[in-house]
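Below is one structure; the comments refer to it alone.
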Amino acid sequence: MNSAPAAGRFGVGGGGRWALTALATAALLLVGVFLTAGFDSSVGSAIRVVAIALAATLGAVGVAGCCIVAARSARSRPPVVRGVVICAIALGVPVAAGAVLFAGFVTVLAAGLVLGWIVLVVAAGWPTDPDPAARATRPGIPGRVGLRLTALLSALAVLGATAAGVLHVLVWNPLAKVPGVPLADLYATMVARGESPAWPATLVAVWASGWVMLALVFVAVALAGRRGVLVRLDARRIARTALVAVAGVGLSVWVAGFGMGISIADAFMTSGGDAAGTGALLAVVWVAAGIAAAVRLIPAPPRRSGASSA
């Protein structure tokens, strides 16, 4: 009996996929620690140690996986090229991310403010695979839930995350940074001391606008289905976009709150970081959503149907 070789879970494609997923997860954990534990006094040192240790372990696993993929692909040129590309990504992405963070801070801030619009444009404009079989592979939970309910749940998730981010920046964090002062009095004091909250609040509105528009597009799909310009948004793409959006909301909320944090710090002589525990809670949510998005977005190896003959 001869059987056609099926693409195993531990083959070149599968190994590379999970290596990149481990690296993405490690990066998300480290960024989450940097944006919260590094500045948020409400996050305990034990959580920082656990998160950093887990990130270091996953990072080592990811780099080792990339090296194994490259070594196992040495028999033919195309797999070798894929292995080299994977290793280049594994080493290049952190370096590029660090360069952008330290050399292009203003650019990072600007991109963070309009990140919701970027996600919307990519989700709506990314070309669909012309092969129906490829589009139908492993649809997961969205395929069982259905298009309209997936779109509605995704809209609620994005709106909920956005609302939590806005409240964190404009309400919960200011109250935590200046305890015992009502919010109206806090804002009045800021105005009196030349630190008006109007401009920081405008930045928050700009930041939230893209996420709200993305959620409204999901609502449109829930009501009208895949019609016209919405034809590319099937259930799977909506679910994946929602995961990216929730992760993006939590990742970029510090950009939305940057101006407010600085204004409060200048007006009340406090630190510029978070004081409310909601910052850490948002971090947990966005890191979890980011990990789920990494698992679903990194392409899986193509499946081959096994064939047998007597």
How many angstroms lie between atom [atom1] of [X] and atom [atom2] of [Y], to the nearest 0.5 angstrom?
X: Thr162; Y: Leu214; atom1: OG1; atom2: CG; value: 8.5 Å
X: Leu233; Y: Arg240; atom1: CG; atom2: CZ; value: 13.5 Å
X: Phe258; Y: Leu113; atom1: CZ; atom2: CG; value: 11.0 Å
X: Met260; Y: Leu203; atom1: CE; atom2: CG; value: 9.0 Å

Can you name the closest pair of heavy atoms from [X] and [Y] and give their distance?
X: Ala215; Y: Ala155; answer: O-CB, 3.5 Å
X: Ala256; Y: Val169; answer: O-CG1, 4.1 Å
X: Leu186; Y: Pro174; answer: CD1-O, 3.4 Å
X: Met190; Y: Pro197; answer: CE-CB, 4.1 Å
X: Ala247; Y: Ala289; answer: N-CB, 3.9 Å
X: Trp207; Y: Gly112; answer: CD1-O, 3.3 Å

**Request:** Check whether any side-chain heavy atom of Phe268 sits under 4.5 Å from a side-chain heavy atom of Glu195, and report yes or no.
**Result:** no

**Prompt:** Can you tell if the side chain of Leu120 reaches within under 4.5 Å of the side chain of Trp211, non-hydrogen atoms only?
**Reply:**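 Side-chain contact under 4.5 Å: no.
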
Connected via hydrophobic side-chain network under 4.5 Å: [X] and [Y]:
X: Val244; Y: Leu216; result: no
X: Leu153; Y: Val246; result: no
X: Leu159; Y: Val221; result: no
X: Trp286; Y: Leu243; result: no
X: Leu230; Y: Val122; result: yes

**Item:** Matching residue for Leu175 among Val181, Leu183, Leu170 - test: side chain to side chain contact (heavy atoms under 4.5 Å, CB included)
**Value:**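 Answer to the side chain to side chain contact (heavy atoms under 4.5 Å, CB included) test with Leu175 among Val181, Leu183, Leu170: Leu183.
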
**Message:** Looking only at side-chain N and O atoms, does Trp117 offer a donor or acceptor that is under 3.5 Å from a partner on Ser209?
**Reply:** yes

**Ile238 vs Phe218, side-chain contact (heavy atoms from CB on, under 4.5 Å): CA-CA, chis, key distance, verdict** = CA-CA 7 Å; Ile238 288 174; Phe218 290 160; 3.9 Å; yes

**N/O donor-acceptor pair under 3.5 Å between Arg237 side chain and Asp234 backbone** =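 No, the answer is negative, given that no donor and acceptor are paired below the 3.5 Å cut-off.
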
**Asked** Can you list the steps and then say if Leu147 with Arg226 is a side-chain contact (heavy atoms from CB on, under 4.5 Å)?
**Response** CA-CA 9 Å; Leu147 172 66; Arg226 296 172 60 194; 3.5 Å; yes

**Request:** Please assess Thr270 against Ile264 for the test side-chain contact (heavy atoms from CB on, under 4.5 Å), listing each intermediate value before the final yes or no.
**Result:** CA-CA 7 Å; Thr270 65; Ile264 293 176; 4.1 Å; yes

